[in-house]
Amino acid sequence: IVAWTSLIGGYIEHEKGEEALQWFSKMQVDGITPDAPAFVLGMKACGSIKAMEKGQEIHAEIERQGLLDGSPFLGSALVDMYVKCNAFSQAHEVVNKLKLRNLAAWNALISGFAEQGHGEKALNCFKQMRHSGVSPDVVTFTCCVKACGITRDLDMGRNVHSELERQGLLGADIFACNALLDMYMKCGQLFSAHEIFDKLPFRNVVSWNSLIAGYVDYGYGNEALKCLKTMKSMGVSPN
RNA sequence: CGGAUCCCAAA
């Protein structure tokens, strides 16, 4: 089973979801009953190629074997599969069904909504998640910041920002920092954005691009060009 | 190190 699972994981890593699923089936035909790790990869393969029907089949198998409550990884993988197939109501249903409160499952749902541009729904989930007693982590917050940028919800964005700071999550996570930068820019808060920018421990090309794009969007062409120069002088190559 | 969620901008 470990060998089969490694093989399937390899296909997924190389974005060969179709082949991964074929090997998953082959494994079963061979008389091997998938365990939780194998099912996780099965779900992931389905999500990666939006094979919703196959995903539902595997979901049913998981339920039949009663594995869902035994592994938090399975729960989040299942939610993620539905999210990747754009089946948000099913994803939400699974989240609610999970007996153990599952942070990653919520994160999968919230990030899916944010990814699809449904900022409000993402933030609603965030509230539901807290209401159900699950504490957010830096992943959750990053997704929420993204959602705030989409909906131009500056107030909420500021709330999440202060929460991130209070928990000391900003110093180490460039993804969260860049998401904040982008959110402030989208909300027209160039000053706040630049402030954050100056405080970042590291800046990559994405940080610079957010800043430059924001200045361009609001008609500050000269500022944008200045940033470009500074960026180059600091050894970051434009892409 | 056989397994999950974010993995950030623009496109």
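Note on naming: letters A, B, ... go to the chains in the order of the sequence lines (proteins, then strands), and numbering restarts at 1 for each one. Since the model is a prediction, treat every value here as computed from it, not as a measurement.
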Does anything in residues 98-113 of chain A form a salt bridge (charged side-chain N to carboxylate O under 4.0 Å, His left out)? List the pairs, not counting sequence neighbours.
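Those involving residues 98-113 of chain A are D69(A)-K99(A).
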
Please set out all donor-acceptor pairs under 3.5 angstrom arising from side-chain atoms of residues 83-94 of chain A, sequence neighbours excluded.
{"from": "K84(A)", "atom 1": "NZ", "to": "D80(A)", "atom 2": "OD1", "distance (Å)": "2.8"}
{"from": "K84(A)", "atom 1": "NZ", "to": "D80(A)", "atom 2": "OD2", "distance (Å)": "3.1"}
{"from": "H92(A)", "atom 1": "NE2", "to": "Q128(A)", "atom 2": "OE1", "distance (Å)": "3.0"}

Pairs of donor and acceptor atoms involving the side chains of residues 223-234 of chain A, under 3.5 Å and at least two apart or interchain, shall be tabulated with distances.
{"from": "E223(A)", "atom 1": "OE2", "to": "K226(A)", "atom 2": "NZ", "distance (Å)": "3.3"}
{"from": "T230(A)", "atom 1": "OG1", "to": "K226(A)", "atom 2": "O", "distance (Å)": "2.8"}
{"from": "S233(A)", "atom 1": "OG", "to": "T230(A)", "atom 2": "O", "distance (Å)": "2.7"}

Under the ring-ring contact (aromatic ring centres under 6.0 Å, His included) rule, collect the residues that match up with H59(A), sequence neighbours excluded.
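ring-ring contact (aromatic ring centres under 6.0 Å, His included) list for H59(A), sorted by chain: Y82(A).
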
F126(A): which residues meet the ring-ring contact (aromatic ring centres under 6.0 Å, His included) condition with it, sequence neighbours left out?
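Scan of F126(A) (ring-ring contact (aromatic ring centres under 6.0 Å, His included), adjacent residues dropped) gives none.
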
For rA11(B) and rC7(B), measure between their P atoms and round to the nearest Å.
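Straight-line distance between the two P atoms is 16 Å.
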
Could you pull out all donor-acceptor pairs under 3.5 Å where a side-chain atom in residues 102-113 of chain A meets a protein atom, sequence neighbours excluded?
{"from": "N102(A)", "atom 1": "OD1", "to": "A104(A)", "atom 2": "N", "distance (Å)": "3.1"}
{"from": "N102(A)", "atom 1": "OD1", "to": "A105(A)", "atom 2": "N", "distance (Å)": "2.9"}
{"from": "N102(A)", "atom 1": "ND2", "to": "P72(A)", "atom 2": "O", "distance (Å)": "3.0"}
{"from": "N107(A)", "atom 1": "OD1", "to": "T140(A)", "atom 2": "OG1", "distance (Å)": "2.6"}
{"from": "N107(A)", "atom 1": "ND2", "to": "D137(A)", "atom 2": "OD1", "distance (Å)": "3.3"}
{"from": "S111(A)", "atom 1": "OG", "to": "A108(A)", "atom 2": "O", "distance (Å)": "3.4"}

For a quick test of your reading: what N or O donor-acceptor pairs under 3.5 Å do the side chains of residues 34-43 of chain A make, sequence neighbours left out?
{"from": "D35(A)", "atom 1": "OD1", "to": "A38(A)", "atom 2": "N", "distance (Å)": "3.3"}

Which atom pairs, donor and acceptor, lie under 3.5 Å between side-chain atoms of residues 21-30 of chain A and protein residues at least two apart or in another chain?
{"from": "W23(A)", "atom 1": "NE1", "to": "Y11(A)", "atom 2": "OH", "distance (Å)": "3.3"}
{"from": "S25(A)", "atom 1": "OG", "to": "L21(A)", "atom 2": "O", "distance (Å)": "3.2"}
{"from": "Q28(A)", "atom 1": "NE2", "to": "E61(A)", "atom 2": "OE1", "distance (Å)": "2.7"}

Could you list the residues that satisfy salt bridge (Lys or Arg N to Asp or Glu O under 4.0 Å) with E63(A), not counting sequence neighbours?
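Per chain and number, E63(A) pairs via salt bridge (Lys or Arg N to Asp or Glu O under 4.0 Å) with K97(A).
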
Search all heavy atoms of L170(A) against all heavy atoms of C177(A) and return the closest pair with its distance.
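Scanning both residues, the minimum pair turns out to be O-SG, 3.3 Å.
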
Min side-chain heavy-atom separation F175(A)-K146(A) under 4.5 Å:
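Counting from C-beta outward, F175(A) and K146(A) never come under 4.5 Å.
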
For atom CG of L7(A) and atom P of rG3(B), their distance in whole Å:
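Taking atom P of rG3(B) as the reference, CG of L7(A) is at 13 Å.
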
To the nearest angstrom, how far is I62(A) atom CD1 from rG3(B) atom C1'?
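Roughly 12 Å, once rounded to whole Å.
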
Under 4.0 Å protein heavy-atom contacts per nucleotide of nucleotides 6-11 of chain B, with B for base, S for backbone only and - for none:
BSBBS-

Tell me which residues in residues 28-37 of chain A lie within less than 4.0 Å of RNA chain B, going by non-hydrogen atoms.
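Within this stretch, D35(A), A36(A), P37(A) sit under 4.0 Å of the strand.
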
Can you pull out the residues from residues 64-78 of chain A that lie within a 4.0 Å heavy-atom distance of RNA chain B?
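Output list: S71(A), P72(A), F73(A), S76(A), A77(A).
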
Under 4.0 Å, heavy atoms only, any strand: does L181(A) hit a base, just the sugar-phosphate, or nothing?
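Nothing: the residue L181(A), judged by heavy atoms under 4.0 Å, touches no strand.
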
Would you say the side chain of T5(A) and the base of rG2(B) hold a donor-acceptor pair, judged only by whether the two atoms sit under 3.5 Å apart?
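Such a pair exists between side chain and base.
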
